[in-house]
Protein chains: 4
Amino acid sequence: MAVQKSAQPAKSVPDSTRRSEKSRRAIYDAALALVVEVGYPKTTIEGIAARAGVGKQTIYRWWSSKADVLMEAFLDLGERPLGEVKPEPYAFPDTGDVAADVKDVLRATVDQLRDPRFEAPSRALAAEGVVNEQLGRELVAKLMQPSLDLYIGRLRAAQEAGQVRPDVDPRIALEFFVSPLAQRWLQHTGPISYEYTDTLVDYALQGLAPR
Amino acid sequence: MAVQKSAQPAKSVPDSTRRSEKSRRAIYDAALALVVEVGYPKTTIEGIAARAGVGKQTIYRWWSSKADVLMEAFLDLGERPLGEVKPEPYAFPDTGDVAADVKDVLRATVDQLRDPRFEAPSRALAAEGVVNEQLGRELVAKLMQPSLDLYIGRLRAAQEAGQVRPDVDPRIALEFFVSPLAQRWLQHTGPISYEYTDTLVDYALQGLAPR
Amino acid sequence: MAVQKSAQPAKSVPDSTRRSEKSRRAIYDAALALVVEVGYPKTTIEGIAARAGVGKQTIYRWWSSKADVLMEAFLDLGERPLGEVKPEPYAFPDTGDVAADVKDVLRATVDQLRDPRFEAPSRALAAEGVVNEQLGRELVAKLMQPSLDLYIGRLRAAQEAGQVRPDVDPRIALEFFVSPLAQRWLQHTGPISYEYTDTLVDYALQGLAPR
Amino acid sequence: MAVQKSAQPAKSVPDSTRRSEKSRRAIYDAALALVVEVGYPKTTIEGIAARAGVGKQTIYRWWSSKADVLMEAFLDLGERPLGEVKPEPYAFPDTGDVAADVKDVLRATVDQLRDPRFEAPSRALAAEGVVNEQLGRELVAKLMQPSLDLYIGRLRAAQEAGQVRPDVDPRIALEFFVSPLAQRWLQHTGPISYEYTDTLVDYALQGLAPR
DNA sequence: ATATAAGCGAGACGGTACGTCAAGTCTTATC
DNA sequence: GATAAGACTTGACGTACCGTCTCGCTTATAT
């Protein structure tokens, strides 16, 4: 069967090799700054373009929506070599004590959730993701899954060390650590503190029922 | 002391006794229908007014924003005598078996989360709440807290019955049941099923660590 | 046969009884001023709206194009009670001497063609009319025909007085007076002066061939 | 005297000896075709470039504006060896009968004005010329004057032959033949036909006043 | 014969204006 | 006095072109 010769005379994808790196950075910076300064709903494509000193078309050429720009800007922020903001540790500590290790990581997450540079854009993206499933899945895959995989790895190690029951599914177990914190943060259902996350770890590991 | 003569020549609060009940219902119906049909972002005040056969001003007179309209509409939906959609059971079952009771309620919640009449407006409201703290807190207070309180009540009963450790804080414990489900639903981090919620209950009650 | 009940749910024509007279005048003034100041091509709908202190939509609601706005503005200019600019005398002089009368009117036309308030908008409209037949015909009907009819009337009177051959078609004859001047003005094919228009009248009445 | 070493580091005029003839033709063809197909206002530099398979810069290098391109394309059309469209006869007939000769030429002009290949571009250029005096004068000089000079020549001959009064200025006399037709065509003030142009010649030569 | 510099195609860029949509305010007429 | 209707100003949307600017590629002398 012959390969489809692709007769689209259509919009012709832009040539990314000729893309202006300078403009891209300026757009990332403008988007993040505006979200922090005026909030996501009042952040407009026009505003980003103006602040970045860029034509609107340069944004529309490379991104499909405000949320798309912000997501890339936010991802880029995490990859910045400066180490300014690291969304998550790139390796999960393993001291042999699961409880301590998970508490450690959760405390770091609490810190991050309180960092204002992080909060505004990530709330905006999370909100978009709630309503827009496609973007939501992209966010999960690109921003959250890498961190969640580290939890899974650590829990597997704990299972091998006999600290976690072998019949427990680590992909569900991790939610006991992560989801309550996530919900408190997302829905303002409660305060966030080291004490709280520590408690979560203790409760989850020991269970709620008396032994 | 003289009665304040109310010298505000300003916006003068509208007289709610003269409010048109018919218009209010029409606005609720239009808002909910539009959110389901075209999605929250494409639901506009103008659209609601047009569909409800109502002047825009009638909306602006009584509500402060699109989210505000939708929240009231959604609350109203839950209070409808028809019982079409019940956000949550008004009483938590208590058969003596906490695990079974919680699993029951969670299965009902799973059903609700999948009801399309429920999903569109509640996602929209949840998304707004992520980004708008004030509205978020209102949502929690009006929509979620009543249900959460029922969990607390049931867990306290379980503590008294010796099925749950007495030193456990029920306000945190309930998050093990509710938050993972909430996060999967909000962030599309995973599938939702009876099996899943049942597993949550088992894991949470027994704990992750081996006995 | 029943009258069509007009089932157009369409754009719904705006209600002209509620139209803002103030905005209309401001738009006319802005349009005319801009055409004079920056020229027709650089006159934009946005510019007119901004200058008139009016929303763009108010322009788009009532007019279909820049040319349409300008045409109405220009027509309005002629109807202004101030008599600032009269496109043409409302009555053609009739002293009994056709030559003198026509020369008179043509001299007035020369004056008008040189009035800068008149020149910019009428050139712009004329140019549009060359390329856009529909608009061109509208211009002729609304702006030129009334004046041309006066020529016809005067020429008919001259025929009755025996000063013009009775077999001559006045609708063609008037072009000898008007068209050469029009072409010189439109196409910059030659200078415009009283002497020139006087000559036109003499040549046309006497003919080019010797007697 | 030393030759100016041309120390302008500036725009450096392009070297016309290296110009691509193929591109020029393609641009002419594209410009004319687009004006006919979509009309002058919707004909864009980008569109011409795309259709001609040419970079935009190649157009900007050699022409200063859309009107400039079109004018050259149109002039070129007239000079094409194919004789497809001849703007005007290169010699004015002289049979000894001025009336007949002028009628002949005018009939040819009428034919031309109706040729669609001619109409779209020449209307576009004429419209530009109305508003842009510089371009208008260029048009007159390059496109019209050669033809008008032929009229002048023929009228001079007629004066010598005693068919036209010697005191008549041929540069004005020719306008009686040409301007009414031009105005009808430019402004859509009336229909164009052989009968009409014949009548013009008769009226103009005999005069309007009875002998 | 080969360097080298111009014209060239392509198209990304910073901009301006387009014509549309909706927000929130204001006015009018109706009930 | 609340309402339905809808005109108003404002401002953002996403698109189309403008005129400028690189980028490789070809091509045609000038070494």
Side-chain angles (χ1 to χ4, degrees), chain A residues 11-20 22-23 26 41-47 49-50 52-62 64-66, chain B residues 11-12 14-20 22-23 26 41-50 52-62 64-66, chain C residues 11-12 14-20 22-23 42-47 49-50 52-62 64-66, chain D residues 11-12 14-20 22-23 26 42-50 52-62 64-66:
Chain A
K11 277 283 107 119
S12 76
V13 179
D15 177 349
S16 55
T17 66
R18 311 189 60 188
R19 186 167 180 181
S20 162
K22 212 177 79 183
S23 293
K42 289 197 175 171
T43 295
T44 64
I45 300 262
E46 288 205 335
V54 138
K56 277 201 281 180
Q57 205 52 51
T58 300
I59 297 183
Y60 285 111
R61 185 157 26 233
W62 302 110
S64 63
S65 67
K66 183 170 72 160
Chain B
K11 280 283 103 135
S12 76
D15 177 348
S16 56
T17 66
R18 306 189 119 228
R19 183 168 182 184
S20 161
K22 210 178 76 182
S23 292
K42 288 196 175 172
T43 297
T44 64
I45 300 266
E46 289 203 335
I48 295 171
V54 137
K56 278 200 284 178
Q57 206 50 247
T58 301
I59 297 182
Y60 285 111
R61 193 165 10 243
W62 301 109
S64 65
S65 66
K66 182 170 71 162
Chain C
K11 276 284 103 115
S12 77
D15 177 350
S16 56
T17 65
R18 311 190 63 188
R19 184 166 182 183
S20 162
K22 213 178 76 183
S23 293
K42 289 196 175 172
T43 296
T44 65
I45 300 261
E46 290 205 334
V54 137
K56 275 201 285 178
Q57 206 55 51
T58 300
I59 297 183
Y60 285 111
R61 183 155 30 235
W62 301 110
S64 63
S65 66
K66 182 169 73 162
Chain D
K11 277 283 103 124
S12 77
D15 177 350
S16 56
T17 64
R18 307 188 120 218
R19 185 169 182 182
S20 161
K22 209 178 79 183
S23 293
K42 288 196 175 174
T43 296
T44 65
I45 300 267
E46 290 205 336
I48 296 170
V54 137
K56 279 202 282 179
Q57 205 52 250
T58 301
I59 297 182
Y60 285 111
R61 192 168 9 243
W62 302 110
S64 64
S65 68
K66 181 169 75 161

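Per chain, numbering begins at 1; letters A, B, ... match sequence-line order.
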* Structure fact -> Closest non-hydrogen contact found for C:Ala49 with C:Gly55 is CB-C, 4.2 Å

* What pairs with A:Lys66 under salt bridge (Lys or Arg N to Asp or Glu O under 4.0 Å), at least two apart in sequence or on another chain? -> none

Test side-chain hydrogen bond (donor to acceptor under 3.5 Å, both in side chains) applied to [X] - qualifying residues, sequence neighbours left out:
X: D:Thr17; value: D:Asp15
X: B:Ser20; value: B:Ser23
X: D:Gln57; value: none

* Asked: Using the C1' atoms of five pairs at each end, what's the angle between the two axes of the helix from E:dA1-F:dT31 to E:dC31-F:dG1, to 10 degrees?
  ->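 Nearest ten degrees gives 10° for this helix.
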
* Side chains of B:Ile59 and B:Lys56 in contact at under 4.5 Å (non-hydrogen atoms) -> no

* To do: Going 5' to 3' through nucleotides 8-18 of chain E, assign each nucleotide B (protein heavy atom under 4.0 Å from a base atom), S (under 4.0 Å only from sugar-phosphate atoms) or - (no protein heavy atom that close).
  => BBBBBBBB-BB

* To do: Grab the CD1-C1' distance between D:Ile59 and F:dT20 for me, whole Å please.
  => 15 Å

* **A:Ser65: side-chain contact (heavy atoms from CB on, under 4.5 Å) partners, not counting sequence neighbours** => A:Ala67, A:Asp68

* Asked: Of all residues at least two apart in sequence or in a different chain, which pass the side-chain contact (heavy atoms from CB on, under 4.5 Å) check with B:Ala26?
  -> B:Ala52

